[in-house]
Undergrad: 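Just passing along the structure, written as structure tokens.
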4 protein chains.
Amino acid sequence: MQRIRIGMVGGGQGSFIGGVHRIAARLDDLFELKAGVLSSDAGRNRASAAEIGIAPERAYDTVAAMLAGERGRSDAIEAVVVCTPNHLHHTAAKACLEAGLHVICDKPVTSTLEDALDLKAAVARSGRVFVLTHNYTGYPMVRQMREMVAAGAIGALRLVQSEYAQDWLTEAQETKGAKGAEWRTDPARSGAGGSIGDIGTHAYNLAAFVTGREPARLLADLTSFVPGRRLDDNAAILLRYADGAKGMIWASQVAVGNENHNTLRVYGSKGGLEWEQENPNVLGFTPYGEPRRILTRAGPAATPGNLWGSRIPSGHPEGFLEAFANIYRAAAAAIRGEADAPAYPTIADGLRGLAFIDACVRSNREGNVWVDLDAG
Amino acid sequence: MQRIRIGMVGGGQGSFIGGVHRIAARLDDLFELKAGVLSSDAGRNRASAAEIGIAPERAYDTVAAMLAGERGRSDAIEAVVVCTPNHLHHTAAKACLEAGLHVICDKPVTSTLEDALDLKAAVARSGRVFVLTHNYTGYPMVRQMREMVAAGAIGALRLVQSEYAQDWLTEAQETKGAKGAEWRTDPARSGAGGSIGDIGTHAYNLAAFVTGREPARLLADLTSFVPGRRLDDNAAILLRYADGAKGMIWASQVAVGNENHNTLRVYGSKGGLEWEQENPNVLGFTPYGEPRRILTRAGPAATPGNLWGSRIPSGHPEGFLEAFANIYRAAAAAIRGEADAPAYPTIADGLRGLAFIDACVRSNREGNVWVDLDAG
Amino acid sequence: MQRIRIGMVGGGQGSFIGGVHRIAARLDDLFELKAGVLSSDAGRNRASAAEIGIAPERAYDTVAAMLAGERGRSDAIEAVVVCTPNHLHHTAAKACLEAGLHVICDKPVTSTLEDALDLKAAVARSGRVFVLTHNYTGYPMVRQMREMVAAGAIGALRLVQSEYAQDWLTEAQETKGAKGAEWRTDPARSGAGGSIGDIGTHAYNLAAFVTGREPARLLADLTSFVPGRRLDDNAAILLRYADGAKGMIWASQVAVGNENHNTLRVYGSKGGLEWEQENPNVLGFTPYGEPRRILTRAGPAATPGNLWGSRIPSGHPEGFLEAFANIYRAAAAAIRGEADAPAYPTIADGLRGLAFIDACVRSNREGNVWVDLDAG
Amino acid sequence: MQRIRIGMVGGGQGSFIGGVHRIAARLDDLFELKAGVLSSDAGRNRASAAEIGIAPERAYDTVAAMLAGERGRSDAIEAVVVCTPNHLHHTAAKACLEAGLHVICDKPVTSTLEDALDLKAAVARSGRVFVLTHNYTGYPMVRQMREMVAAGAIGALRLVQSEYAQDWLTEAQETKGAKGAEWRTDPARSGAGGSIGDIGTHAYNLAAFVTGREPARLLADLTSFVPGRRLDDNAAILLRYADGAKGMIWASQVAVGNENHNTLRVYGSKGGLEWEQENPNVLGFTPYGEPRRILTRAGPAATPGNLWGSRIPSGHPEGFLEAFANIYRAAAAAIRGEADAPAYPTIADGLRGLAFIDACVRSNREGNVWVDLDAG
């Protein structure tokens, strides 16, 4: 099968997430990277392109230049990966969509809700595929969790406990030259959310993906523990769903000892499911009144989504990159218009993520009150 | 050394907690059980006494009868253990204090804040020792955690994440003849709190014991997921401390797969500590920027409280009963007036627990708003 | 019910295991300690007796004096606990049996196989109960494991993997004044086995208890890693059973990082069971081709032996002392002649333990060859 | 940098390991697959080539045809990946080496020791790079373990405990149409070792890689538990090193509940290190007398090899494929002649693996006696 040709916006030297996208695109041999605007700094752009094997003439200075340069080539890119800082997603993605390209975009989708709404309209007009890389939804056991909830394995959903804790912002890294810390704590580049944007949106999206529903309202308490920090580095959030289910989200970047502790537990009238990202190949499942089962990736009792997301036999751990690559696999299927393309996060999820950030900020500003979550 | 002679109020046949108190009292050979009012049912009272070796003439029908009967005996009881349903604690404990007995009382201390305030005054008048069996504070690693926080091991406290999840009330056990479920879900016998009283107070108290401080305000969202249930079976609570620290408590009795998942994680500017009750002999400690250490009961780097609370070498698990017995050890030291008696939960903690329940109920009733925690 | 009156031989001040026996005897209120020969040092004997509440006149200087002194008392001891260093078990236990007392004896039963055979005959002549405190057989999940194997849950037994690793003899503690290290590494007091006697016999006995069978042959490689040590501090042992099953035992007291890592895994044609002592309230069970189940103490799917061995609900950890006390519960039932007394380790197990040590030493001496295990 | 062009021998449709090699080769964009003899079945060969994007004219019927066809092409392959059943490794690898190609070969290197010795000579004559994919040596924490042992972190090595347990051959899969089970249990295709060849060599090699030394002698007990099976499905092995260290290896393919339980624990005079493949991003390290540290991939205290082997930040799990790809990274560095190419398993390791299998079989045949390990 032909590989899908892609260009990349952002992700040059020094970017962690750029490398992740490239590995994810390459892992299953479904994409080939042919062009890019890897950095707004021309020198770094060229150096980055050379390093990763993009031909010099296809290392463009701007998105506009890339769209112009690719137009008419027989091997022109068909899709673009956007992994710049958040505030640049909107214009890049929109321009690419309007040029007829499919878009794979990092999260959060934009830095403001307005931009996200605008982008949603652009997606709709374009008829193109828009994939948001909420990569944690790519884990096989997360797919199994979603399928089990949908199939009634835990009965009627009651509780959603979602946590995402890290510790890398325990001190003021943003004042010590750490680029990733700089833009993530800068409202101009990150938007209104700090930890809620960077990781809270993952916790929120993961819960939505697994439970198949969005909360109707939330109440948030945001904190900046590190002196001088301009965005939240910790968030405590209560959720309410229309059907009576409730939830809690805890997101923190100052919880010392947590490297990337992203865990989701859901409980219903008949069972419970518990998963944590740092040991992602297992899923705890307890039917009420029975012993807990340890379900495994590609193991006994695997659901279709678990098997779909697995490349190798059980007991051989797959990880973060494989889960990320699963989003790319789903993207490839969607771009090719396959009938049974697996679920992936879309512009709608992006909008909901922004609505989530917006709601958290509003709730917090107004004294930690309930606010509606309305994703337009 | 002479054993302290005790009487027991409540805890007859069919009571889980009565047996626990007796084992805890016996484990270190510091107490001997000599009298009791084990049940309000006269037949069960006598049968219970016979079964546990209380002389028939000291199996009294009422607390008043016990106080009268013991008065003047050379081997009269010196202290009393109160482990009735919550609403009976107040009168029993008060009468015993007024008769000059020390009191070891199960939690929550009473079923109303008013009763607790009254009892507090009674304790003060009596000059007697009043010990509240918040037994989780007896775990050696909890003692170590408290000492490490006090010694600055995690720097300035920022976050308190306290969870206590069970699943035994997932269905309406109270309608199926389960005595423990009946009174725990009955406001007349349990007070205004369901899960917040039964286990939330433990989660609250444990956090206070470890951090050495009480929150100033809280915001609570209480739920009764099981149709027909009259008290909460799930609680999500946000905490704020006067010094800027924040916290979350999750208490649930409908989280399927959680047998007795009581976990406390605290994070500060320089480190983090994580403990869970179901595997209580270890404590995770991460100094910021260093690898996590697994501290063990009586192991390397044990603090005085860890060693105090340990009977046997590391690697030989001690559990719930030993932790409970540690409260009894502390009680014995206090009753004997030892100079260096270890910390134990007191009437003040009982009052704070009631204030906690009261604040949760108020916050919830008023729409999940911040309310002050004022323990009078 | 009347408590069984016991005397104690050994276990005075400074003895870890003496305190353990006393707690275990007391935990369920089935025994009372009335007399003792707690130390061969007269002063320490008296001080120890005073400390633990034995009347001065019943703190005897020798076993003979105790037997003479107790004879004819209306409250004479009915049983004796022997917890001296190994080489003193034989004469003490034999004398007590001949005086008509039941015996609860620490392991290994004696320091030589000859002594054990002699003691076996004495038990047979006496008609008294002889209980060997292979305490790990008291764990509820070990009881469940035994019952599941017997019931065919894992099909035909194939493999036994038993490990007991510690690290407290990593350095030459015996030269640094550690009493417990001194006698355990002294052939005159411990017998021919070092780690194989102290902990290897536990690993061996636990496997036998759970599988319900003894190996026919073994091959052992013993090592003393610490320079100057006179007994083994590490043992690698291969097992063969008459029915074709095989096994491995690893016992070590120099495996740094292992506090008391005692784990047993058994595999059959249809399933596997895995248990570890440091987290003893859970048992992994995998039926072939199905997800692993996590069975818990007193939890769903608990077998009768699990429930028998449990005092409190699941999720409330019980530990080493409770397991030890279960051996005392079984002993009490046997002493009282109860019809359905639960299984406990006997003189036969003691003999098999000595035969195990003897076989290990022979196999090792002869160049790590297969030797028959013959317990006479 | 130019990608290294490779051809693949074996690994066509239905091969698990072929897919693994391709992902590993692709992950870091250092190789491109250009040609292949993917199957001895011509139809399957063509179909496999088409599926994975090899041009039809470069899907050759035989190795000889591939070598002939590639000769003289400007884009000829520079290296070959051999991942056929074991007995075909020898001739394919030798032919490729003689044609001047570098070879990346699956393990065990050949099916007989004779073949391995012959291949060793061929490697020496060729001057080409020969990489054996003992992939577990690619895990970052394994690299850290090796570096820590070399640096003296555990003092003088005493004990090596290596386990590799699976359960997929618990029943006679080889009679039920499972291709992988068929050739792995067929002496003609697998060589003299069953479980010892398939996974025992991994356990052996991993221990050698981490400790930096080979045992001098071993004693093995091999079993075929499944009726009718012609090769061992379980192995218990004792090791002795020249310097006095000792070890145990347990390899099993009938241990129900073990998916791919590959664990290595090493203990020395000053510390211990413990790692397990199913949770590969952590490494337990205990300096004697101190609390255990949990070292993490790319985390605090990471050694150069840990960092070298890591692509993404700590807390984001990397797994089996990434470790496998690390062998390919090392291979690329070696093929390019980089001065500081990281360690990788070589023909010498292959030979030692065969010597290990050979020694196991001899020891077992002769009644489980000590035999020398001599890798010629």
Side-chain angles (χ1 to χ4, degrees), chain A residues 139-149 151-155 159 161 263 265-276 279-310 312-318, chain C residues 139-149 151-155 159 161 263 265-276 279-310 312-318:
Chain A
Y139 274 110
M141 302 319 291
V142 166
R143 298 268 157 165
Q144 170 136 4
M145 213 171 169
R146 169 182 163 102
E147 290 168 346
M148 289 179 73
V149 169
I154 64 166
L159 281 171
Q161 301 290 126
T263 178
R265 296 172 287 180
V266 296
Y267 305 104
S269 57
K270 295 185 180 171
L273 287 162
E274 304 184 344
W275 179 81
E276 60 169 316
N279 199 7
N281 294 280
V282 295
L283 169 65
F285 169 49
T286 310
Y288 180 59
E290 298 183 24
R292 180 180 308 239
R293 271 88 162 152
I294 306 299
L295 309 177
T296 56
R297 197 188 48 68
T303 60
N306 179 343
L307 294 174
W308 168 80
S310 292
I312 49 176
S314 63
H316 301 70
E318 296 196 40
Chain C
Y139 274 110
M141 301 320 291
V142 167
R143 299 267 157 166
Q144 170 135 6
M145 212 171 170
R146 169 182 163 100
E147 291 168 346
M148 289 179 72
V149 170
I154 64 167
L159 282 171
Q161 301 290 126
T263 177
R265 297 171 287 180
V266 296
Y267 305 104
S269 57
K270 294 186 180 170
L273 287 163
E274 304 184 345
W275 178 81
E276 60 169 315
N279 200 7
N281 294 279
V282 295
L283 169 65
F285 169 49
T286 311
Y288 180 59
E290 297 185 24
R292 180 180 307 239
R293 273 85 162 150
I294 305 300
L295 308 177
T296 56
R297 197 189 47 69
T303 59
N306 178 342
L307 294 173
W308 169 79
S310 293
I312 50 177
S314 63
H316 300 71
E318 296 196 40

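Chain letters run A, B, ... following the sequence lines, proteins first, then strands; residues in each count from 1.
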Undergrad: Just to verify, what does Pro291(C) make a side-chain contact (heavy atoms from CB on, under 4.5 Å) with, not counting sequence neighbours?
TA: Arg293(A), Leu295(A), Pro300(A), Ala301(A), Arg293(C)

Undergrad: Mind checking what makes salt bridge (charged side-chain N to carboxylate O under 4.0 Å, His left out) contact with Glu274(A), not counting sequence neighbours?
TA: Arg292(A)

Undergrad: Which residues from residues 279-290 of chain A are near chain C, with near meaning under 4.5 Å between non-hydrogen atoms?
TA: Gly289(A), Glu290(A)

Undergrad: By side-chain hydrogen bond (donor to acceptor under 3.5 Å, both in side chains), which residues pair with Tyr139(C), not counting sequence neighbours?
TA: Gln277(C)

